[in-house]
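Let me begin by presenting the structure, written as structure tokens, before commenting on it.
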Amino acid sequence: MMNIDWNWLSNLFLFNKDTPLLYHSGFFFFIFSLFLLVYGLVLRKDWIRSAVLILFGFYFYYKASGAYLILLIATISGDYLFAKWITNAKNIVWRKSLLVASIFFSLSFLMYFKYKNFFLENINAITGSDYSFEALILPIGISFYTFQSISFIVDIYSNKIELPKYRDYMLYMTFFPHLVAGPIVRARDFLPQLKKYVKISVSDIKEAAYLIIKGFVKKAIIGDFVAQYSDLIFNDPTTYSSSEQLVGVLSYTLQIFCDFSGYTDMAIGIALLLGYRLCANFDSPYKSLNITQFWRKWHISLSSWLRDYIYIPLGGNRRGLLLQLLFLLLTMLVGGFWHGANWKFVFWGAGHGMLLISHKMIAMYWKDNYFVRTRVFKFLSWFLTFSVVALLWVPFRANSLDDALFIYRSLFSGIDLKMIYGLMNANEELIIFIVLGFSFTALSVSMKERMKSWFVRQDFIVIAIIFIVLIQVMFQYQSATVEPFIYFQF
Amino acid sequence: MKLNKTQKNVLSLGLSLLVICGFYFLQAQRKKSPVVELNLAMDEPVISLVNSDSTDESIKGIEAMEDVSVEMSADTSFQAGKVDSLGGKRILLIGDSQLEGLRLPIYNYCKWNNGNLVASVVWYGSTTKQWGTTDTLDHYLRKYKPSFVFIALGLNELFVNDLDKRREYIAAIKNKLNSKGIPYFWIGPAAWKQDKGVINIMAELNGNLFIDSSKLNLDRADDGRHPSRSAAWVWMEEVAKDITTKGIIDFSLRGEKFSKSKGSPFILLSQ
């Protein structure tokens, strides 16, 4: 009789915070292929299709966060009730009160799980009190779904969308491709798709395969490979030379882009396989010529959320230059704090806020200057933008603000070029990955389009071979375990 | 049941993916990879297994390095307490890159004390996580049926912050050995600078069966991190004294140095 290893099976299928369903893991592909077989059979019936998607979303979330699934369902249900009350309310004051209560309701969970210990720690430091910390485990994706639910409520309040069916709202929130790490999808973009007949053509499947494979290469091959080096440097920067730290910073700059944009590509591709389109989240951000452009191209769903639900409601550019700059800084501080309850993220947000302010000021004075339109200026502008973005990833990744400051001191105290030569010789593969990785980020739009259209023209057998070859490459270079996505922690 | 075009597309895709998954699953079964039965095939690290008979240049390189001449006094004056004799014991050595230096001294100490180093398994870049969460250790315990295991692990996790996790991994390694009734001794990492707490956890969980190597003053190799070849002998001498004094195994005898570890496979696992 065959021996069944129940422990192995339960680890595989049940909640285990160390083994969430990662898009680039074998288990995800296995479970997703089973899901597709069920989905294919039921997709003609609206309500069954929705139910199957919602149930899979529940399982997807449960696998990563266990009992916090109940919290997710409670948040969604609570938000929906508020949305219903707001829709039915006639009195403007009552509507506004409900809106505020609803936002507080959504934020309360985020504040409790993500920020409680941070506030206690700082209160203790300032007042000398001794509040004890709770060992809280952060529900995965809470920052993403909280922002998503706030945008839904605000859109309901401002009559930008109609109240959907509870089932549709549940599906919008638990749609698994974006559930745990975005993109932050707006209800007004997603809900109308639920009313349409689901049609998935062969070219849709090929386009989705292209996105998934692209994401897979970025995340599982490039991102995870360079992560091994950046982890080494950032986990103990004091034991490495400034040259090694510089390569570590470049590795992380590449890693975070490949990791997050790779995840997003896979999420968009998987959604497309199910017949839904999610918004783009990246648009070659490392090619940006200034920091304002960078924020239009990096984590677009978050930056546009911050613009629409914080910057503009605060006053945007309608209240004079000084306040506009202040609002910019505040918005970026919120953006930084959204990433994590740690001063290093506040520092990162403040850094970007200051850069945005500086750019706005410079642009005002230089906009008519001939030099601005020259290639030399554009190159310098790109180089400066890339450098400051890379430098600001240091506090974002460092284990503490102290570590980040140590790396800054080390980088700015001089880099021995002879060491770089030795380092390149000793880490050939790493350097090749870094160069190739950044080269991919620099590809032109037309080149990317050509690659995509070439891919979509291929037969499925060619696509399958490409996929299998890439899996082999991943095996060759991957670290010992399947690395989680960086943005899972937010 | 009549299916429309979209349904046919989705079902074909599902089936194709299932076939690919099945292919990888079967491939993994065939390989009988020693690592990670907890994960599906596609989650497994690629491992290159090499034994001492291999003509692989890297092995030759390592064996050449073992010819480093080290003056060892036949320190027969060391007096041990009444301890378990090593006679006939099958010793297995596992761990991270520290094994490169430790392997030959351990081989010698085993020989001098009538033991037999049956194999050394070095997993480059590994930490307690890899050894604790995969079935690699179980595999080699099954394969070599050791009566004693030396673990030299921890150099790659000196600066980790997830100490609770490390505690779990160390306990898992310990449990793997305890559940099979195999005695062991953990040679703590030869840290070149202050760690962030993992050594204390190793000491706490292993008690008497642990030596804190970070307290030893060892010369370093060119990389500044690993003990030099000659320092590895000094290191092993301290280990031998410690393990004998604690009454775990009698490692008190010294003899003529073997410059090669003949008949003792050196298995390299790389990520």
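Below, chain A is the first sequence line, B the second, and so on; all start at residue 1. Keep in mind it's a predicted model, so treat the numbers as computed, not measured.
- Atom CG of B/N9 is separated from atom CG of A/D204 by 9.0 Å, given to the nearest 0.5 angstrom.
- The part of A/I205 that comes within reach of chain B is its side chain, from C-beta onward, which places non-hydrogen atoms under 4.5 angstrom from that chain.
- Rounding to the nearest 0.5 Å places CG of B/L18 at 4.0 Å from OG of A/S33.
- Chain A forms the most heavy-atom pairs under 4.5 Å with one residue out of B/T6, B/V19, B/L13, B/V160, and that residue is B/T6.
- The contact between A/Y197 and chain B is made entirely by side chain atoms (from C-beta outward), counting heavy-atom distances below 4.5 Å.
- How far CD of B/Q7 is from CG of A/L41: 7.0 Å, rounded to the nearest 0.5 Å.
- Using a 4.5 Å heavy-atom threshold, the side chains of A/L36 and B/L11 count as separate.
- For chain B, the nearby parts of A/I468 are the backbone and the side chain; heavy atoms of each come within less than 4.5 Å.
- The ring-ring contact (aromatic ring centres under 6.0 Å, His included) check on A/F56 picks up A/F35, A/F176, with sequence neighbours excluded.
- In this structure, B/K215 places its NZ atom where only 12 or fewer heavy-atom neighbours from other residues, nucleotides or ligands lie under 6.0 Å away.
- Looking at B/K196, the atoms closer than 4.5 Å to chain A (heavy atoms on both sides) all sit in the side chain, from C-beta outward.
- In this structure, chain A has no heavy atom under 4.5 Å from any part of B/L158.
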Practice problem: Test side chain to side chain contact (heavy atoms under 4.5 Å, CB included) on B/I20 and A/F29 and set out the steps. | Solution: CA-CA 9 Å; B/I20 295 177; A/F29 276 103; over 6 Å; no

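- Within the model, atoms CZ of A/F467 and OG of B/S16 stand 11.5 Å from one another, a figure rounded to the nearest 0.5 Å.
- Note that the CZ atom of A/R44 and the CG atom of B/L3 stand 6.5 Å from one another [nearest 0.5 Å].
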